[in-house]
Amino acid sequence: MKLHIAVLPGDGIGPEVIAQGVKALKAIAMEFGHVFTFEYGLVGGTAIDAVGNPLPESTLELCKKADTILFGAIGDPKYNMDPDSKIRPEQGLLNLRKSLDLFANIRPVIAYEDLLNKSSLKKKFIKDADFVIYRELTGGIYFGDKIISEDGNYASDSCGYHRFEIERIAHLAFKAAQSRKHKLTLVDKANVLESSRLWRKVLMELAPQYPDVNLDFLFIDNAAKQLVMNPKQFDVILTENMFGDILSEEASVIVGSVGLLASASIGPKYAMFEPIHGAYSKATDKGIANPIASILSAAMLLDHFALFEEAALIRKAIDKSIKLHITTPDLNMKYDNISTSKVGDFIEDFINNPEETNLNFTNIHLGQSTII
Ligand code: IPM
Ligand code: MG
């Protein structure tokens, strides 16, 4: 298959982690005889620094003409401490999502058996947790009217949803549940918010079309608790934009590191693949950023184009890296000096030599003797 991929490294650790995602895709292309070409674009704080715009027109054009998009990370702390700043890195990502109509953000959460000890939650509650969050991505409070009064003493953001915005992602979530454990949980705040009541109403109306899906409802406050108390009860979680942002970050506690969670942002025409984590600026260029979320995003990209065998091989490589403790310090329980690119090298090597022995991999990637 030929794929022209727009690569948007973004800010902070974005460039380091995305380089590993690209490395994995190149290895897959070589192994399976695909032709993947990569074209880079500016976005976020780096784009502001370079051209004064977090989403330059050229980047948007690149994304539109490419077959798909791999995204790194966004954000720069210097803007966070300047509430008056009119221009912000995050606008790059938000405008991209909106301009490309990427309304469904799919965030799978699977607890790795070998990392159960890394979670601050008790093993017995998280073992076998396996669910997916369908987060609405182009509506709600993120994109509602924003007001700041003239005197600067009042501000508001409004949360609104049209029926069609709820319906289109609800259909995807129902279908996902049909292909999984047949359970769909809508997370909302319908006891307080009018917009949540519309979500509930629409979901109840659609439910008869999916008789094999067990639909239930949770308020966000309760869901936030249930997610860490008993994550195994979930299969598909559907929720609006901001609740999904918060819940998915919370879900990273289950897997042991936010550096493990990837996502697909899907629209009618375009698709973008992005880690759920931010730019983690403190870690920039230190080689400590976990590249797995970016590499998993690459696997989700392959799934999107029905390259299932290829995606499975990436996941197998990730499993192996975790098993052999070839991981960055956020996860490593054995070695303290495995860098971002080292993890990427391991994944690449595994893709090229999936039948290699554990011993060989350990020797090679820990810089020990390669002769066994
Ligand atoms: C995410 C991020 C973004 C969001 C930020 C960087 C704008 O937190 O993708 O979860 O809030 O959507
Ligand atoms: Mg987030």
Side-chain angles (χ1 to χ4, degrees), residues 8-15 17-18 21 42-48 54-55 59 63 69-83 85-109 132-144 146 157 159 161 165 169 187 220 223-224 227 237-255 257-267 270-284 289-290 292-294 296-297 300-301:
L8 311 184
D11 304 329
I13 61 167
V17 294
I18 211 167
L42 285 171
V43 72
T46 39
I48 300 175
L55 181 61
T59 299
C63 293
I69 308 150
L70 196 62
F71 188 91
I74 212 152
D76 182 334
K78 76 179 180 222
Y79 296 93
N80 299 344
M81 296 319 289
D82 178 11
S85 177
K86 288 276 168 281
I87 186 160
R88 316 181 60 81
E90 289 79 2
Q91 291 160 344
L93 178 58
L94 299 177
N95 291 346
L96 200 55
R97 289 172 177 170
K98 193 73 175 175
S99 311
L100 301 177
D101 204 9
L102 305 174
F103 67 85
N105 182 229
I106 302 161
R107 301 188 157 186
V109 181
V132 58
I133 300 175
Y134 273 65
R135 168 189 177 194
E136 201 291 326
L137 201 60
T138 50
I141 197 165
Y142 273 56
F143 294 96
K146 297 181 187 304
D157 301 89
C159 179
Y161 272 102
E165 293 176 294
I169 189 167
V187 172
I220 177 66
L227 197 73
I237 295 176
L238 170 63
T239 190
E240 61 92 60
N241 203 343
M242 190 158 80
F243 295 162
D245 177 43
I246 299 168
L247 277 190
S248 55
E249 185 98 7
E250 188 192 0
S252 71
V253 176
I254 299 164
V255 297
S257 169
V258 71
L260 286 172
L261 295 186
S263 80
S265 302
I266 309 284
Y270 305 102
M272 180 163 91
F273 300 86
E274 45 175 321
I276 84 149
H277 63 66
Y280 189 19
S281 300
K282 282 196 297 234
T284 308
N290 192 334
I292 301 290
S294 179
L296 263 182
S297 300
M300 293 185 84
L301 181 157

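Ligands are counted one by one from 1 in listed order, and the atoms in each one are counted from 1 as well. Side chains are part of it too, since the values below use all heavy atoms of this structure and drop only hydrogens, waters and symmetry mates. None of these values were measured; they are calculated from a predicted model.
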Worksheet item: At what distance, to the nearest 0.5 angstrom, does CZ of Phe103 lie from CG of Asn241?
Response: 13.0 Å
Worksheet entry | Carboxylate-amine/guanidinium contact Arg107 Glu249, below 4.0 Å | no
Worksheet item: So among Val17, Asn290, Leu261, Leu260, which one has a side chain to side chain contact (heavy atoms under 4.5 Å, CB included) with His277?
Response: Val17
Discussion item. In this structure, does ligand 1 have an atom that sits under 4.0 Å from one of the heavy atoms of Gln91?
Written reply: no
Worksheet, complete the sentence: Checking distances from the Mg ion (ligand 2), one finds that the N, O or S atom of Asp245 closest to it is OD1
Worksheet item: CD/Glu240 to CG/Leu247 distance, rounded to the nearest 0.5 angstrom?
Response: 9.5 Å
Item to complete: Around atom 10 (O) of ligand 1, find the nearest protein heavy atom and jot down its residue, atom name and distance.
Response: Asp245 OD1, 2.8 Å
Item to complete: Run the numbers on Leu55 and Val43 for side chain to side chain contact (heavy atoms under 4.5 Å, CB included), then give the verdict.
Response: CA-CA 5 Å; Leu55 181 61; Val43 72; 4.3 Å; yes
Discussion item. Does only the side chain of Asn241 get under 4.0 Å from ligand 1, or the backbone, or both, or neither? Count heavy atoms.
Written reply: neither
Worksheet item: Relative to the heavy atoms of Ile74, which atoms of ligand 1 are at a distance of less than 4.0 Å?
Response: 6 (C)
Worksheet item: Going by distance alone, is a donor N or O of one side chain under 3.5 Å from an acceptor N or O of the other, for Glu136 and Tyr161?
Response: yes
Worksheet item: Looking only at non-hydrogen atoms, which of Arg107, Glu90, Arg88, Glu274 approaches atom 1 (C) of ligand 1 most closely?
Response: Arg107
Practice prompt. Determine, using heavy atoms of Arg97 and all atoms of ligand 1, whether some pair is separated by less than 4.0 Å.
Written response: yes
Worksheet item: For atom 11 (O) of ligand 1, what is the nearest protein heavy atom, given as residue, atom name and distance?
Response: Tyr142 OH, 2.5 Å
Item to complete: Report yes or no: does a heavy atom of Arg135 sit under 4.0 Å from some atom of ligand 1?
Response: yes
Worksheet item: Under 3.5 Å, is there a donor-acceptor pair between the Asp245 and Tyr142 side chains?
Response: yes
